[in-house]
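Below is a structure I'd like to ask you about.
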Amino acid sequence: FEKFEPHAYTCPGGVRTIGYGFTDKALVSKNSLSKVEAQAILDAKLEAHCDIVRKNVKVKLTIPQVYALASFTYNCGVGNLRQLINGKGRLNSGNYDSVAELMPKYCIGGGKVLNGLVRRRAWEVKLWQQG
């Protein structure tokens, strides 16, 4: 979902970023990244985020559902994934519909609603509902 940026920049949420939305300080401090390097990093990060989803979700998921939650986790972090899926009436309690209901609420960056995050959450919900 992220577009490639070869040079470090400040995203709309106010975070220094490079490549395909990488915020790792070591990568950002390089100030530039080739598309080949960035693609290899992205592939590894996405696989790692799929693993994080599989470790945290206690109910059965389809491949599109894993990918939707991996995209969400990549963008919002593991803490927000856990908040999304845990608790009464949430995914790990068997309420699959809760993901589509709650995910769109995670669209704030830098203290304001960001249209890019609204679009991303809508895409993730659509992917989730393919399951």
Item to check | Side-chain touch C76/L81, heavy atoms, less than 4.5 angstrom | outcome: no
Item to check | Test item: L84 and L69 side chains (from C-beta on) under 4.5 Å apart, heavy atoms | outcome: yes
Item to check | Distance-only side-chain donor-acceptor flag, T23 / R16, under 3.5 Å | outcome: no
Checklist entry - Is there a donor-acceptor pair under 3.5 Å between the side chain of N95 and the backbone N or O of L91? => result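 Judged by distance alone, no pair lies under 3.5 Å.
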Next on the checklist: Using the rule that Ile, Leu, Val, Met, Phe, Trp and Tyr join whenever any side-chain heavy atoms are under 4.5 Å apart, tell me whether L61 and M103 fall into a single cluster.
Outcome noted: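 Yes, L61 and M103 fall within the same hydrophobic cluster.
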Checklist entry - Would a 4.5 Å heavy-atom cut-off, applied to side chains only, mark Y67 and E124 as touching? => result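 Of all side-chain heavy-atom pairs linking E124 with Y67, none is under 4.5 Å.
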Checklist entry - Rest of the hydrophobic cluster containing I41 (Ile/Leu/Val/Met/Phe/Trp/Tyr, side-chain heavy atoms under 4.5 Å)? => result F4, I18, Y20, F22, L27, V28, L33, L42, L46, Y74
Checklist entry - Given the rule that I, L, V, M, F, W and Y join up when any side-chain heavy atoms are under 4.5 Å apart, are V118 and W128 in one cluster? => result no
Checklist entry - Going from NZ on K58 to CG on N86, what distance comes out if it is rounded to the nearest 0.5 angstrom? => result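 K58 atom NZ to N86 atom CG measures 8.0 Å (nearest 0.5 Å).
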Checklist entry - Any Lys/Arg nitrogen of K3 or E5 sitting under 4.0 Å from an Asp/Glu carboxylate oxygen of the other? => result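 So K3 pairs with E5 through a salt bridge.
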Item to check | P104 to V99 - nearest heavy-atom pair and separation | outcome: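 Closest approach of P104 to V99: CD-O, 4.3 Å.
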Item to check | Nearest-0.5 Å distance, CD1 of residue I108 to CG of residue L117 | outcome: 9.5 Å
Checklist entry - Side-chain contact, heavy-atom cut-off 4.5 Å: S71 with R120? => result yes
Next on the checklist: Distance check, rounded to the nearest 0.5 Å: R54 atom CZ versus H49 atom NE2?
Outcome noted: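 Answer for the CZ-NE2 pair, R54 versus H49, is 13.0 Å.
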Next on the checklist: Apply side-chain contact (heavy atoms from CB on, under 4.5 Å) to residues T17 and T10 and explain how you reach the verdict.
Outcome noted: CA-CA 6 Å; T17 307; T10 301; over 6 Å; no
Next on the checklist: I need the Q83 CD to L102 CG distance, nearest 0.5 Å.
Outcome noted: 9.0 Å
Checklist entry - Cluster question for you: counting only ILVMFWY and a side-chain heavy-atom cut-off of under 4.5 Å, with indirect links fine, are Y106 and V15 together? => result no
Next on the checklist: Quick check against the 3.5 Å criterion: does N56 have a side-chain atom that pairs as donor or acceptor with the backbone of D51?
Outcome noted: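 Not at all, since once roles are kept as given, no pair shorter than 3.5 Å links the two residues.
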Item to check | Distance, nearest 0.5 Å, that separates OG1 of T73 from CD1 of I52 | outcome: 6.5 Å
Checklist entry - Going by distance alone, is a donor N or O of one side chain under 3.5 Å from an acceptor N or O of the other, for S98 and R90? => result no
Checklist entry - Which residue pairs satisfy the ring-ring contact (aromatic ring centres under 6.0 Å, His included) criterion with at least one member in residues 25-47, sequence neighbours excluded? => result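 Applying ring-ring contact (aromatic ring centres under 6.0 Å, His included) to every pair that reaches into residues 25-47, excluding sequence neighbours, yields nothing.
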Next on the checklist: How close do V53 and A70 get, counting heavy atoms only, and between which atoms?
Outcome noted: CG2-N, 3.6 Å
Next on the checklist: With heavy-atom distances below 4.5 Å as the criterion, would you say the side chains of Q65 and T62 are in contact?
Outcome noted: yes
Checklist outcome for this item: Those residues at least two apart in sequence (or on a different chain) that pass salt bridge (charged side-chain N to carboxylate O under 4.0 Å, His left out) with E37 are K30
